[in-house]
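Notes follow once the structure below has been shown.
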Amino acid sequence: MLTLTLPDGATRQVEEGTLPRDVVGSIGQRLLRDALAVEIDGQVQDLITPLRKGGSFKVLTSRDPDALDVLRHSGAHILATAVRRLRPDAKIGFGPSIEDGFYYDFEVEEPFTPEDLEKFESEMRKVIAEKYPFVRAEVSQSEARQKFADDPLKLERLSEFREDEIISTYTDGPFIDLCRGPHIPDTSYLKHFKLLHTAGAYWRGDEKRQMLQRIYATAFFNKEDLEAHLHRLEEAKRRDHRVLGHQLDLYSTDQRVGPGLILWHPRGAIIRNEIENYERDLILRHGYELVYTPHIVSEKLFQISGHLENFKENMFGAMDVEGASYRPKPMNCPGHICIFQGHSRSYRDLPIRYAEFGTVYRYERSGVLHGMLRVRGFTQDDAHVFCTPEQVPSEIERLLDLVDEMLKTFGYPYTIELSTMPEKALGSVEQWNQAQDLLSDVMRKRGQEFTIDEGGGAFYGPKLDFKLIDAIGRKWQGPTVQLDFNLPERFDIEYTGADNAPHRPVMLHRVLVGSMERFVGGLIEHYAGAFPVWLAPEQVRVIPIADDFAAAARSVADRLKAIGARVHVDDRSETLNYRIREAETLKVPYMAIVGKREAESDAVALRIRGAGKKQDVMPVADFIETVKTQLTTRALTL
RNA sequence: GCUCGUGUAGCUCAGUUGGCAGAGCACACCCUUGGUAAGGGUGAGGUCACCGGUUCGAUCCCGGUCGCGAGCUCCA
């Protein structure tokens, strides 16, 4: 007998092998109608998998987030059912639910076309209308091999089952799949879904294996959620930094320059420069010193640092300089270490914090390049802290403060991940554990929440990754802080302690924005191109209504320039409507319009970005104050 | 790098079942001097990504190269 504890505390005794469906039915018929799956002891299973253990027992309905995974996974089966009907030659791979939906992988001779997707979608509606129950069966290895005799990918998976593992299959009408489940009761439960796109995907994610055709789709329990999701996809498209970057004339790439290399146009360069100026002030306040190191350095340096050993596939090739090999630097750390070693150091000097906007070059495979977000040349706001082991916790604390201050300025909420020892790593397991404990201790003491990314560390040390959350809820790679017990060893750097003996300093690597390119690309999407005043390439556009007021407009502009604002006067011989439209399209925060009334009273008719027709007539002096406040506070809203 | 798709004016895109290349915007000039999201006219602008093949003839068909896009893999 198994004991099930219901959410209200009541218990039920049932025999092992009882179907959850029967338990739910005995609780209530209404509940059975709504039930999609059950959760036993925290594990989700469907209504037709026999109970093998007792514990807490919860019925999942469409209100439970976990039930959405069940729905989507079943959606994948229904997709495969439809595909198999129309393309009997398709060999089935895997079809899991994923963060925003589900996919199914197929091996086919002829790849799928967008028209195929439409046909599959309408075929899915037929499968749904036919209301096939999902039927579970537990089978032996040899039975399974028979059922999937024509599906080599499934046979491969079957060969990996252990003797004692249960092999289960699920059938919905004509389609059978090797699957652990759980599933919804029948195909009619899937109502609101959409096939999105196809893409190639390696079998089992291995680039040495064959390429399958993947169909991506999404599904929700109700129409509103589906529509909201599709709307979010549209919204992401609308914010695409590649489109906005071009429209707003921020940056470009050029075939003649090469892929993955960014040309910053004047308007984009302003944004970057503002960020750099802000950050320079910030870090000088936080005790950093600025340094510069060369873009190409002798390969010998990367032999010492271990980059040639561990990072070679991401480094550009060597160039010959009078018989010696030089390489573009993929990271700034070795150079900073050389500066540290330029003097003998005392414990009294530490911590030493070197910062550089250092441009690095990394070879990235052509298929991964993406606008400003994934490039081959980028500038890191890089810094390295050299300190004693005892100083590490306080340095981490300082960094947490610094990061917090910076991310607030840009209006990003964030989460923190602690990434631990990867497979390919320098240094001992003990060193790694020590470092990881140290990082987590500091955060626990602060009450700072974080999650663990197992095996996600850099090859030279564990790291803290800050994940930014943008205006539409997407996560971005933000600041990282990495502990490094390895480079100090390799470079044999030391300082003299109070005991007059040499000691090994600890090294911290950290970036705040990470890559200027990626960060600005992300900001474009975060703000949807409508930058806060302090970052806006053009902050005020002054528009005289007619030529007669051009002089008055220029006077307004001059006074704004005097407080450091970026202002243009648009006195072109175009209609007022035309000029307003252009400024609005360029997302200029303020339009200051000057006509007869304003010129006579030294005022402007202010049109604020996003506020439409609404205008505010105010004295020029007041407007200047408004802009000044925006600039000094780095305000996020107008 | 791999699978699929794609490349026509500065930009966004039509088009040619193989026969002198099209629009809108932007740009130049002229008219218009305007009160809150595109006033009107005229004009200039293209080796139809590049290389090769098929053909009397290729922007179009075929092959290759390069770029771009959706993904896979990888990452700041």
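Order of the sequence lines fixes the chain letters, A, B, ..., with proteins taken first and strands second; residue numbering starts at 1 for each chain.
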Whole angstrom value for the distance that separates [atom2] of [N] from [atom1] of [X]:
| X | N | atom1 | atom2 | result |
| --- | --- | --- | --- | --- |
| A/Ile593 | B/A37 | CD1 | C1' | 11 Å |
| A/Gln247 | B/G10 | CD | C1' | 15 Å |
| A/Ile543 | B/A37 | CD1 | C1' | 11 Å |
| A/Arg256 | B/A49 | CZ | C1' | 13 Å |
| A/Glu110 | B/U3 | CD | P | 15 Å |
| A/Gln213 | B/C2 | CD | C1' | 12 Å |
| A/Asp570 | B/G34 | CG | C1' | 13 Å |
| A/Leu369 | B/A70 | CG | C1' | 15 Å |

Sole candidate of A/Glu525, A/His526, A/Arg518, A/His370 that passes side-chain hydrogen bond (donor to acceptor under 3.5 Å, both in side chains) when paired with A/His241: A/Glu525
Structure string for RNA chain B in dot-bracket form, Watson-Crick and G-U at under 3.5 Å, | interchain: (((((((..((((.....[..)))).(((((.......))))).....(((((..]....))))))))))))....
Plane angle bin for A/Phe410 and A/Tyr412 - parallel if under 30°, tilted between 30 and 60°, otherwise perpendicular: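 The rings of A/Tyr412 and A/Phe410 sit tilted, inter-plane angle from 30° to 60°.
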Aromatic plane relationship, A/His77 with A/Tyr104 - under 30° parallel, 30 to 60° tilted, over 60° perpendicular: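 Answer is perpendicular, since the angle exceeds 60°.
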Span that lies between the [atom1] atom of [M] and that of [N], in whole angstrom:
| N | M | atom1 | value |
| --- | --- | --- | --- |
| B/C66 | B/C51 | C1' | 10 Å |
| B/G22 | B/G15 | C1' | 7 Å |
| B/C25 | B/G35 | C1' | 26 Å |
| B/G53 | B/A58 | P | 11 Å |
| B/G64 | B/A44 | P | 41 Å |
| B/G63 | B/C56 | C1' | 22 Å |
| B/C48 | B/C20 | C1' | 14 Å |
| B/C29 | B/U47 | C1' | 29 Å |

Is the shortest distance from a Lys or Arg side-chain nitrogen in [X] or [Y] to a carboxylate oxygen in the other one below 4.0 Å?
| X | Y | answer |
| --- | --- | --- |
| A/Asp116 | A/Arg87 | yes |
| A/Lys587 | A/Glu538 | no |
| A/Glu584 | A/Arg581 | no |

Option from A/Asp177, A/Asp151, A/Asp89 for which salt bridge (charged side-chain N to carboxylate O under 4.0 Å, His left out) with A/Arg84 holds: A/Asp151
Check: A/His384 ring centroid to A/Tyr354 ring centroid under 6.0 Å: no
Side-chain donor-acceptor pair present, A/His265, A/Ser252, cut-off under 3.5 Å: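 Yes, a side-chain donor-acceptor pair sits under 3.5 Å.
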Donor-acceptor pair present, A/Arg579 side chain and B/A38 base, under 3.5 Å: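 Side chain to base: no pair present.
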Nucleotide-resolved protein contact map, nucleotides 71-76 of chain B, B/S/- at heavy-atom distance under 4.0 Å: BBBBBB
Letter per nucleotide, 5' to 3', of nucleotides 23-33 of chain B [B base touched, S only sugar-phosphate touched, - untouched; heavy atoms, 4.0 Å]: ---S-----BB
Nearest heavy atoms of A/Glu364 and A/Arg376, plus distance in Å: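 For A/Glu364 and A/Arg376, the tightest heavy-atom pair comes out as O-NH2, 2.7 Å.
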Pairwise 5' ranking along RNA chain B for A/Gly258 and A/Lys614, keeping only the more 5' one: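 Nearest nucleotide further toward 5': that of A/Lys614.
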Donor-acceptor under 3.5 Å (A/Arg267 side chain, A/Ala536 main chain): no
Sugar-phosphate, base or nothing in reach of A/Ala605, heavy atoms under 4.0 Å: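 Base: the residue A/Ala605, judged by heavy atoms under 4.0 Å, touches a nucleobase.
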Side-chain N,O (A/Lys613) to OP1/OP2 (B/A37) below 4.0 Å: yes
Within-4.5 Å side-chain heavy-atom neighbours: A/Tyr251 and A/Val520: no
Min side-chain heavy-atom separation A/Leu290-A/Tyr288 under 4.5 Å: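 Not in contact.
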A/Pro259 side-chain proximity, nearest of B/G67, B/A70, B/G1: B/G67
